[in-house]
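Beneath this line is the structure, given in structure tokens, with notes to follow.
Keep in mind the model is a prediction, meaning the values are calculated, not measured.
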Amino acid sequence: MTISEAARLIRLPKLFAVLLLAPLACVESVSLDESPPNIVYILADDLGYGELGSYGQTLIKTPNLDRLAEQGMRFTQHYSGSPVCAPSRATLMSGKHTGHGIIKDNFELGGWLDSEEFGQMPLPAGSFTLGRMLQEVGYVTAAIGKWGLGGPGSSGVPNEQGFDLFYGYLDQKQAHNYYPTHLWRNQVWDTLSNEYFSPHQRLEGDPDDPASYEEFSGRDYAQDLMAAEALDFVSTHRDELFFLYLPFPIPHLALQVPDSALSEYDGAWEEAPYLGDQSYLPHQRPKAAYAAMITRMDAQIGQLLALLDELGLTENTLVMFSSDNGTTYTGGVDASFFESTAGLRGLKGSVYEGGIRVPFIARWPGMIEPGSSSEHVSAFWDIVPTLAELTSAVAPDDIDGISLLPTLLGTGLQEGHQALYWEYHGLWDGAQAVRMGDWKGVRLGGHSSVDVPIELYDLATDPGETRDVSADYPQIVERIAGVMAGRTESEVVPGWNFPARVEGN
């Protein structure tokens with residue numbers, strides 16, 4: 001039985017079914033112009049559900065993203081593709097969740113040295129991607145930021161996967177340092193004015209002496225270079241139809257930010273230095289550094305929005321913002337202090353809500369109702385069909401996503417998911433999760449046995465996933481187990497199966 005076949009057997013909660021069939025009461029019915037809009041999709045890295053002011057954050061300043069939410073629609077039940085980087089990005093590009101996609105987890109190739117830069121498992125040649133889909137209907141496409149779906153010289157590099165321009169990090173490991181020796185422009189090494197240093201050094205000097213931390217910085221801050229590249233792309237292609245994919249590396253560790261940004265949080269909090277003892281680079285003021293990184297990215301997004309205004313492109317540009325997974329659990333980040341998950345359980349690497357529920361904002365003036373919000377349950381794999389419908393592009397028949405366009409535009413009936421599915425293999429001895437209406441099923445330890453129990457939570461009454469009610473609803477648990485069993489096995493990585501296959505089995 002496939003996941004979709006199993007999902008059809010699920011009886012949705014009555015309230016969910018009513019909402020599914022009800023017309024959306026947002027803006028008046030609109031008709032699209034003959035020419036579709038420009039598209040900007042901004043993806044933060046490890047930004048938690050509660051780390052924007054528009055999602056309840058009170059300590060970190062995000063005025064531009066908060067303004068974007070005021071001018072557009074804020075989704076409160078949107079999910080990333082995975083609790084970690086590469087598979088999450090793969091779901092965004094493919095329209096398939098990790099149960100059906102090729103890349104089900106991070107798979108590292110090579111090492112940390114520049115000479116060992118081989119990236120992650122690459123997308124196969126000729127793969128369907130969001131970029132290729134939009135190229136085929138006339139968009140000029142760019143990916144600027146952190147890629148993670150194929151290293152130098154591989155079949156997965158962005159220029160081979162639907163992007164006319166790439167600038168940034170090909171290898172996720174290189175992105176652990178915001179002062180790298182190089183970035184990549186398309187497939188050409190772009191040398192920066194930084195000296196190489198290991199991205200996992202511990203502090204050796206006096207933790208109270210600012211000079212002890214100077215070796216962990218450089219001249220060229222990669223985030224700034226990529227933000228400038230984005231502005232240049234928009235300016236260059238102002239008279240063309242463009243798709244700008246901006247997978248910014250912030251706030252993924254290491255904690256590094258120029259002093260000019262750090263000064264915005266001078267005296268904000270008393271804090272102890274982070275010495276690098278939980279991986280990633282040390283920082284004398286870790287809370288201020290983390291907040292300043294996010295605020296700097298927010299300011300650069302503000303510059304991009306201002307440029308759209310200046311060029312007269314705002315009215316014909318759909319801007320979206322999200323994050324690839326929840327806040328990290330290591331490297332000097334204090335998720336508890338910032339209330340990064342807004343009370344949700346778990347962090348990056350977890351299939352509980354805090355690891356996969358992420359902010360999602362969409363703005364398109366005149367088309368998306370300003371200041372609106374939606375409780376529609378959606379995920380990364382919905383972006384492909386949404387943009388396909390918007391642009392009259394053709395997406396494959398076997399994707400898992402459902403177009404969000406009726407919700408975004410307030411027109412017609414919005415089809416809902418009968419089930420959302422995630423899997424992750426890097427922690428928890430293998431993890432799976434299913435959301436089915438308001439029910440959330442979580443199974444940990446699946447690599448040991450497919451018979452390990454499934455936890456069940458009612459997100460309507462228990463969004464923090466604190467009360468396992470599996471014993472009270474065995475029929476729901478059985479249905480969720482059917483969805484989990486419908487995943488496609490990996491023929492590439494035996495360890496990405498349940499239980500993990502070994503050679504000879």
Sort out for me which residue in Y49, Y55, F75 forms a ring pair (Phe, Tyr, Trp, His ring centres under 6.0 Å) with F360.
F75

From the list N325, T328, T327, side-chain hydrogen bond (donor to acceptor under 3.5 Å, both in side chains) partner of D46 resolves to N325

For the [atom1] atom on [X], are there more than 12 heavy atoms of other groups (residues, nucleotides or ligands in this structure) within a distance under 6.0 Å?
{"X": "Q135", "atom1": "CD", "answer": "yes"}
{"X": "D259", "atom1": "CG", "answer": "no"}
{"X": "I399", "atom1": "CD1", "answer": "yes"}
{"X": "W112", "atom1": "CH2", "answer": "yes"}
{"X": "F107", "atom1": "CZ", "answer": "no"}
{"X": "Q278", "atom1": "CD", "answer": "yes"}

Measure across [X] and [Y] and return the closest heavy-atom pair with its distance rounded to 0.1 Å.
{"X": "P463", "Y": "E353", "answer": "O-CG, 4.1 Å"}
{"X": "I250", "Y": "Q223", "answer": "CD1-CG, 3.5 Å"}
{"X": "F380", "Y": "S322", "answer": "CE1-OG, 3.6 Å"}
{"X": "A431", "Y": "L444", "answer": "CB-CD2, 3.7 Å"}
{"X": "T330", "Y": "Y280", "answer": "CG2-CE1, 3.6 Å"}
{"X": "E423", "Y": "T98", "answer": "N-OG1, 3.1 Å"}

Look up atom [atom1] in [X] and atom [atom2] in [Y], then write down how far apart they are to the nearest 0.5 Å.
{"X": "D209", "Y": "Q284", "atom1": "CG", "atom2": "CD", "answer": "7.5 Å"}
{"X": "Y245", "Y": "L165", "atom1": "OH", "atom2": "CG", "answer": "14.0 Å"}
{"X": "L281", "Y": "S198", "atom1": "CG", "atom2": "OG", "answer": "7.5 Å"}
{"X": "S94", "Y": "L123", "atom1": "OG", "atom2": "CG", "answer": "8.5 Å"}
{"X": "E310", "Y": "L305", "atom1": "CD", "atom2": "CG", "answer": "13.0 Å"}
{"X": "E108", "Y": "M121", "atom1": "CD", "atom2": "CE", "answer": "10.5 Å"}

From R345, R435, K440, residue fulfilling salt bridge (charged side-chain N to carboxylate O under 4.0 Å, His left out) relative to E465:
K440

Under a 3.5 Å cutoff, is there a donor and acceptor pairing between the side chains of [X] and [Y]?
{"X": "Q256", "Y": "N177", "answer": "yes"}
{"X": "T76", "Y": "E375", "answer": "no"}
{"X": "Y421", "Y": "D400", "answer": "no"}
{"X": "D164", "Y": "T141", "answer": "yes"}
{"X": "D66", "Y": "T62", "answer": "yes"}
{"X": "T391", "Y": "Y139", "answer": "no"}

Lys/Arg N to Asp/Glu carboxylate O, K61 vs D298, below 4.0 Å:
no

Charged N to carboxylate O below 4.0 Å: is that the case for E264 and R296?
no

Between [Y] and [X], is there a side-chain heavy-atom distance shorter than 4.5 Å?
{"X": "P124", "Y": "I102", "value": "yes"}
{"X": "Y329", "Y": "L427", "value": "yes"}
{"X": "H283", "Y": "L262", "value": "yes"}

Test: side-chain hydrogen bond (donor to acceptor under 3.5 Å, both in side chains). Region: residues 211-221. Which pairs qualify, not counting sequence neighbours?
none

Determine the interplanar angle of the [X] and [Y] rings, folded into 0 to 90°, and report it as parallel if under 30°, tilted if 30 to 60°, perpendicular if over 60°.
{"X": "H252", "Y": "H176", "result": "tilted"}
{"X": "H182", "Y": "W184", "result": "perpendicular"}
{"X": "Y290", "Y": "F338", "result": "tilted"}

K146 side chain to G168 backbone, donor-acceptor under 3.5 Å:
no

Using the ring of F128 (Phe, Tyr or Trp, six-membered ring only), decide whether K96 places NZ or CZ under 6.0 Å from its centre and within 45 degrees of its axis.
no

